[in-house]
Amino acid sequence: MSLAEPAALPVAASAPPRLLLLKRFSARFKASLPAYLLLLPSLIFLALFTYGAMGRVIVDALYQRATPKAPVRFVGFENINAVLADPAFTGAVVNNLVYAVGTAIPSIGLALLFALALSRTNAVNSVLRAALFLPVLIPMVAASALFLFIFLPNVGLLDYYIGRLLPVLPNWLGDYDIALYAIMVITIWKNAGYYMLFFLAGLQAVPEDVMEAAYLDGAGPWQRLRHIILPELKPTFLFVTVIATLNAVTQVDHVFVMTKGGPSNATNLVLFYIYQQAVEHYDIGKASAATLLTLAALMGLTALSFRTMANREGGS
Amino acid sequence: MLFSRRLMLGLAVAGTMAGALAFPAMAEGPTEIDLFFPVPVDGKLARDMGTLIKEFNETHPAIKATAVYTGSYDDTLIKTRAAIKAGKPPSAVIMSANFLLDMQIENELTNLDSLIAADGTTKEQFLGQFFPALQGNAVINRSVYGVPFHNSTPLLYINADKAKEAGLDPNKPPQTWAELTDWAKKLTKREGDKVTQWGIAIPCAYDYCGWMMETLTMSNGGRYYNEEFGGEVYYDTPSMLGALTWWNDLVSKHKVHPPGATPGPAVSTSFISGNAAMIMLSTGSLTYVRDNAKFAYKVAFIPRNVRNAVPIGGASLIVPAGLEADRQKAAWTLIKWMTSPEKSAWWSRATGYFAPNMAAYKTPDMVEFLSKNPDAKTAVEQLDVAKPWFATYKTVPVRKNLEDEVMLVLNGKKQPKEALIAAQKAADETLKPYNAETSLKLP
């Protein structure tokens, strides 16, 4: 800018300053026009399918249609209040919290364990890695259908083997107290292999020389893990935790296929609750309100965790 | 300048394309219609539907019908509603029979009376083709909104080999709840506390659970819902209390029924594998059981406590609202063809559902089939005592209000009485807006 300044000055003397500003602006616009044009197709689709839909959700959340004959009317925050007062929603939130914690911790723990065990690349480890990664490749719906058979009371694969050991055979998906944990097992089985990938990548970034120094200083395997590997993996942990939390809220295929939220809402998760409001109750207002609440919570959570991550990165 | 010319060109091209989209098929051709169909049982149904539609197109050159697979009954309702909202309703849909009332309340159905009248028949003549039990779910406010296509009733399936083993005569199946309880006790095998063979299993997952509760309640003299008005259900009643208490007793008192809520496929697998000696299931599962059971089995009426009565299940053909006249007419031709005696009978043999058209049972193929498979006859005979399937404003949530509570009882979390009081309260709340607009809207 400073280099262009002298050349621009004589022009400024002959033309009013306002016009100059406009000219400058139009020149800049002209320069960046191709870029905007190139972006246009994606912008149109983003507007149509992402921002448009989000805007629509916000609008829908403010309106209510009580019955088919009643006109749609503006109700403000009434839908949101109704959702918050619905025991099915609060139940789904509690279930989702249990589900998020109960799937994130074990699957991250397993993933770390797998990654540590298989961090060296050789033929055997490659095969084992592939085997552990396999569940990720199976679509959730197909996996759920498989597990439906595994969980069949009395005749399923699980009862066939475990049944001999237990005094009473549980009805895995039909028991009010067990169903949610049965669902969680599938999520852990499916996600642990995926998170393992991130940890494998994270382990490659552990500095070789620091490890060597630790060796020479006579640090045992536990000390190396505790004081070198785990601290180095911190960013990976944070990232995977965010992904796991998002997964806990956005993946409900297995709930849909296996239990439909039952028995008695024992496996109802927030996203499935939204589906029920929209589709079974035909109540778009309440469904949109619940979506807004979920989105707000998720965005808050993500912002918080990435901020922590940025802080830590900056601090180190 | 150059750019603006390009833009104009682009706009012109886009305009032409939009025009082409807006006015398709200017040329004369067959009327194109689409049929949404669910597959509530096995995958084979989709192939059978393909065969059926192909035959229709070959015999009706003026119409080109396409069958669109739309998932389960519930999914089909969702997809149909989405299509109606998008302004592109399908021409005909095979719709779960108890969704018709809800759809009619939402103004999503075409009243078929005028189409029937245009054929020169009366409503009575038209409905007279079908079993009387099916008419309740097809007629709303004395107008026809659906044509029964494939229907079912619940049946008692008995493993005849196991019955003989236990010293019971499978040719004299239990007829009352008392007899059934007795049979179930004799058919339950235990090793210590562990049950290795259950006497009876009744499915309870969303959808099936409500249907079984209606079955038991009706056998106990009850009604479940108001057949004449979509704003009332009778959950907190003696007839339903008796039904749920008996079901609960089978689980927790007699311990002859698996605890918890067991979905339909788990129940049928359990029967096929010999783990449950008796089950209650839809007639729609009959073909599956016939093909897979490696033992002698018997089917019987659902036993009674007060009276013999069961609800119907299955689906009707409907025409969504908002269709152009020519497609409406073409859809009507398809519907009449699909529900004719021959096609009805063919579909029944392929699927295991019974044929709603009474004349179907007079066709030679069907007479021969029934003499070979007498178990298929039981379902038809039970139709004499069959009643309509519950249908209310917001059928699915109102049903779920009951199912959630029943599941709590079967899990030992609640007593039947308190569960039914809670179910009634929840259902009344769901029905409230409709009542406010109808029964409680006073001058």
Using non-hydrogen atoms and a 4.5 Å limit, figure out which bit of [X] sits close to chain A: side chain, backbone, both or neither.
X	answer
B:S273	side chain
B:D404	both
B:D75	side chain
B:E108	side chain
B:K400	side chain

- Could you list all the side-chain hydrogen bond (donor to acceptor under 3.5 Å, both in side chains) pairs where at least one residue sits in residues 86-102 of chain A, not counting sequence neighbours? A:D86-A:Y273, A:D86-A:K286, A:Y99-A:T187, A:Y99-A:H254

Would you indicate whether [X], at its atom [atom1], is surrounded by more than 12 heavy atoms from other residues, nucleotides or ligands within a distance under 6.0 Å?
X	atom1	value
B:F295	CZ	yes
B:K432	NZ	no
B:Q415	CD	no
A:Y161	OH	no
A:R56	CZ	no
B:F229	CZ	yes
B:K194	NZ	yes

- Message: Please output the residues of residues 198-208 of chain B in contact with chain A, using a heavy-atom cutoff of under 4.5 Å, in numerical order.
- Response: B:W198, B:Y206

- Among A:L152, A:D177, A:N171, who wins on heavy-atom pairs under 4.5 Å with chain B? A:N171

- Residues of residues 259-267 of chain A near chain B, each having a heavy atom less than 4.5 Å away: A:T259, A:K260, A:G261, A:G262, A:P263, A:S264, A:N265

- Task: For residues B:K394 and A:E280, determine if any side-chain heavy atom of one lies less than 4.5 Å from a side-chain heavy atom of the other.
- Result: no

- Query: Heavy atoms, side chains only, cut-off 4.5 Å: are B:I78 and A:Y282 in contact?
  - Reply: no

- Between the CG atom in B:L410 and the CG atom in A:D175, the distance rounded to the nearest 0.5 Å is 11.0 Å

- Message: Tell me every residue that passes ring pair (Phe, Tyr, Trp, His ring centres under 6.0 Å) with B:Y145, counting only those two or more places apart in sequence or in another chain.
- Response: none

- Per-residue tally against chain A (heavy atom, under 4.5 Å) across B:P259, B:P433, B:G260, B:P397 peaks at B:P397

- Task: Count the heavy-atom pairs under 4.5 Å between each of B:L77, B:N275, B:V398, B:V396 and chain A, then report the option with the highest count.
- Result: B:N275

